[in-house]
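Note sheet for the following structure.
Residue numbers start from 1 in every chain, and the chains themselves are labelled A, B, ... in the order their sequence lines are given, proteins ahead of strands.
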Amino acid sequence: MTAEVTMRVWRGEPAGGAFVDYAVPAVDGEVVLDVVHRLQAGPAPDLACRWNCKAGKCGSCSAEVNGTPCLLCMTRMDELPRAEPVVVAPMRTFPIIRDLVTDVSFNYEMARRLPPFAPRPPEANGAYRMASIDVARGQEYRRCIECFLCQDVCHVLRDHEEHKADYGGPRLFLRAMELESHPLDTADRRALVRDQLGLGLCNITKCCTEVCPEHITITDNAIIPLKERVVDAAYDPVAWLGRRIRRRTRRPDPSPLPAADDRSPDKPASGVAGRQ
Amino acid sequence: MATTEQLTAVPVVIGGTCGGPPVRTRRRDRWWRAPAATVAFLSAFVAYATWAALENRDYFVGAAAHRDLISPFYSPCVAASCVAGARGGLYLSWWAISPAILVLAVPLGFRFTCYYYRKAYYRSFWRSPPACAVADGHRRYRGETRFPLVLQNLHRYFFLAGLVFNVILTIDAVMAFRLPGDGGIGVSLGTLVLCANAGLLWLYSLSCHACRHLCGGGVDQFSQHRVRHRLWRLVTPLNARHMQFAWASLAFVALADLYVRLVASGVFSDPKLF
């Protein structure tokens with residue numbers, strides 16, 4: 001007799017929904033997304049589920065299995081307890097569209113708040129040259145596949161609706177740190193991430209790091225370094241004094257960077273200063 | 001093409017109905033074990049440290065016992081009430097209560113503002129959140145944007161002050177090699193305890209996120225700051241083990257105090273190894 005597994009899948013729309021149980025044969029080596037596809041091919045042809053690569057690289061099939069945010073395509077069925085139904089629900093933080101599909105446009109709208117890359121002028125031959133040790137740190141940040149599981153699990157977004165308008169979330173802080181630490185970038189986003197993107201609301205409980213399918217150490221390598229840079233700019237009295245003294249003793253720069261307007265169209269936004 | 005200023009003016013539209021049932025969590029694993037263990041361990045440490053700090057005795061094993069061991073809770077002993085041999089030349093004659101209160105303020109501040117301990121106690125004591133994908137225990141939330149939690153941003157100053165204490169405790173560990181009247185210089189179990197304590201405290205301090213930032217975290221072009229890059233490369237692997245060093249050093253500082261206390265009170269004598 002073939003073993004069965006019970007899939008308890010959330011079926012619903014914005015108006016409401018409920019969990020529906022489906023009993024399907026257990027197949028060795030499957031991931032949760034495989035079983036969802038079997039449900040679509042059988043008892044639930046109208047089950048909505050966003051997916052694309054099935055290889056953990058597109059970040060489309062984000063959902064919550066047994067209450068834990070994860071990619072459906074990277075969650076093995078044999079690692080889940082068989083004695084109980086496997087509960088599959090949409091990401092809790094984002095508005096539901098249908099079944100397992102959520103509206104993640106919040107993340108894209110928030111990303112537009114962050115001023116883009118603002119490189120210094122190129123060298124005389126038009127090239128940008130960077131040393132390998134300067135670009136090594138940023139490779140980790142660029143592994144992000146934008147699955148938004150970190151946004152989903154972050155309790156500031158998940159449990160405090162009142163902060164959604166003024167809190168960027170882990171994904172945006174990762175992007176901010178990527179730009180801030182870029183060896184060619186000239187913009188200073190520290191005041192912006194502190195005042196308008198709510199970096200101080202993050203209390204570094206590291207859930208974003210725990211759920212990241214790309215194993216990016218978001219908290220330790222992006223959020224905390226970004227917080228320390230904000231401390232440099234806003235909270236450290238010695239750093240403030242040092243900046244004041246350097247500003248007084250600095251000689252005129254013989255080759256100043258072009259004004260922000262000259263770097264159009266990607267000029268820094270209001271509240272974003274050039275590096276001092 | 002839209003400029004950045006135009007882009008920032010786009011209002012973020014949020015809202016809609018979230019999917020799934022409105023329950024505190026759908027997790028079925030034993031997620032409460034880690035915060036419960038943190039509460040138990042930190043509470044035990046705070047209770048022991050409070051008792052040990054207020055006890056104000058049995059914190060030094062001197063020449064009478066052929067040893068030079070001082071509890072890390074009482075070093076540097078800078079009060080007039082310190083026992084003979086434990087006190088240095090510089091002390092506060094007006095300080096009447098236990099000298100441990102003076103000593104513990106900085107290390108406790110360092111640990112309280114530490115990025116790892118913040119995670120630990122926000123999760124376990126403040127339940128904000130108690131675990132990943134478990135609902136926040138509070139309806140209102142301000143994070144670290146308001147007083148007093150905005151003071152967490154002064155962690156780097158506690159780190160720097162903590163280094164002074166690390167130096168003092170390292171000197172204590174070196175002095176523990178003195179065995180007056182028992183061969184002059186040697187190694188006892190107490191020597192190893194104080195050396196291990198100092199070593200773990202150094203590892204905890206050097207793995208600190210503020211240390212990593214001061215070494216090179218704020219540098220964008222490492223190629224222009226080779227020394228800072230080298231320092232940053234040195235502390236980065238330590239930083240990855242900051243949690244382990246945090247717990248090990250916390251446990252060992254209490255164990256070191258307990259060891260000195262038991263020897264000083266005569267429960268057993270410190271065995272000489274060689």
Side-chain angles (χ1 to χ4, degrees), chain A residues 10 12 14 17 64 66-69 84 87 89-96 102-103 106 109-110 112-113 115-116 131 133-134 153 155-156 159-160 163-165 181-183 185 198 200-207 210-211 220 224-225 228-229 231-232 235-236 264-270, chain B residues 1-5 7-8 10-21 25-29 115 118-119 122-123 126 128-129 131-136 139-146 149-150 153-157 209-210 212-214 217-224 229 239-240 242:
Chain A
W10 182 261
E64 298 185 9
N66 288 349
T68 303
E84 297 171 326
V87 180
M91 286 193 285
R92 175 90 188 121
T93 299
F94 305 113
I96 189 168
T102 51
D103 178 3
F106 161 78
E109 296 290 354
M110 269 293 174
R112 297 172 76 185
R113 288 187 174 187
I133 62 170
D134 292 338
V153 81
H155 72 110
V156 184
D159 300 324
H160 300 283
H163 287 311
K164 275 189 175 170
S181 61
H182 196 288
D185 189 72
L201 289 169
C202 169
N203 66 346
I204 50 171
T205 41
K206 300 196 179 186
C207 288
E210 287 187 21
V211 301
D220 289 297
I224 293 175
E228 285 293 315
R229 286 176 180 235
V231 172
D232 285 342
Y235 298 108
D236 188 341
S264 179
D266 290 339
K267 66 182 179 182
S270 56
Chain B
M1 183 177 174
T3 67
T4 307
E5 282 182 13
L7 292 177
T8 54
V10 173
V12 176
V13 180
I14 306 146
T17 309
C18 291
T25 183
R26 288 192 298 272
R27 284 180 65 170
R28 295 186 307 209
D29 58 334
Y115 283 102
R118 275 146 77 176
K119 172 209 165 186
Y122 283 143
R123 279 197 188 190
W126 198 242
S128 183
C132 303
V134 178
D136 198 322
R139 188 164 295 183
R140 291 185 64 201
Y141 177 78
R142 289 177 168 179
E144 297 177 340
T145 58
R146 300 278 191 279
L149 291 182
V150 73
N153 290 305
L154 297 178
H155 178 53
R156 59 182 59 176
Y157 290 102
H209 294 84
R212 188 185 182 207
H213 176 76
L214 294 173
V219 176
D220 294 342
Q221 291 181 295
F222 281 133
S223 55
Q224 307 295 316
H229 180 238
N239 179 253
H242 192 50

Open item on the list: Out of A/Ile133, A/Val153, A/Val156, return the one with the most heavy atom pairs under 4.5 angstrom to chain B.
Closed with: A/Ile133
Open item on the list: Below 4.5 Å, heavy-atom pairs only: which of A/Pro225, A/Pro14, A/Ala89 has the largest tally toward chain B?
Closed with: A/Pro14
Task: Pairs of heavy atoms under 4.5 Å with chain A: top-ranked of B/Thr25, B/Val219, B/Asp29 - done: B/Val219
Open item on the list: Which residues pass the side chain to side chain donor-acceptor pair (under 3.5 Å) test with A/Glu210, not counting sequence neighbours?
Closed with: B/Arg123
- [ ] Measure distances from B/Arg142 to the heavy atoms of chain A and classify the residue's part below 4.5 Å as side chain, backbone, both or neither.
- [x] backbone
Task: Close aromatic pair by centroid cut-off 6.0 Å: B/Tyr141 and A/His155 - done: yes
Task: A/Arg229/A/Asp236 salt bridge by N-O under 4.0 Å criterion - done: no
Open item on the list: Shorter than 4.5 Å, heavy atoms on both sides: which option in B/His229, B/Arg156, B/His155, B/Lys119 has the most such pairs with chain A?
Closed with: B/Arg156
Task: Contacting region of B/Arg139 [heavy-atom separation from chain A under 4.5 Å] - done: backbone
Open item on the list: Taking every non-hydrogen pair under 4.5 Å, which of A/Ile224, A/Val211, A/Thr93 racks up the most with chain B?
Closed with: A/Ile224
- [ ] May I ask you to say whether A/Glu64 pairs ionically with A/Arg92, meaning some side-chain N is under 4.0 Å from a carboxylate O?
- [x] no
Task: Gap between atom CG of B/Asn153 and atom CG of A/Asp232 - 0.5 Å precision - done: 10.5 Å
- [ ] For the pair A/Lys206 and A/Asp220, find out whether any cationic side-chain nitrogen is under 4.0 Å from an anionic carboxylate oxygen.
- [x] yes
Task: Side chain / backbone / both / neither for B/Leu154 at chain A, heavy atoms under 4.5 Å - done: side chain
Open item on the list: Among B/Gln224, B/His213, B/Gln221, which residue has the highest count of heavy-atom pairs closer than 4.5 Å to chain A?
Closed with: B/His213
Task: Contacting moiety of A/Thr102, where chain B heavy atoms sit under 4.5 Å - done: neither
Task: Heavy-atom side-chain proximity of B/Val150 to A/Tyr235 below 4.5 angstrom - done: yes
Task: Engaged part of B/Ala131 at the chain A interface, taking heavy atoms whose separation is under 4.5 Å - done: backbone
Open item on the list: Which atoms of B/Arg140 are under 4.5 Å from chain A, going by heavy atoms: the side chain, the backbone, both sets, or neither?
Closed with: backbone
Task: SB check B/Arg118 B/Glu144 (cutoff 4.0 Å) - done: yes
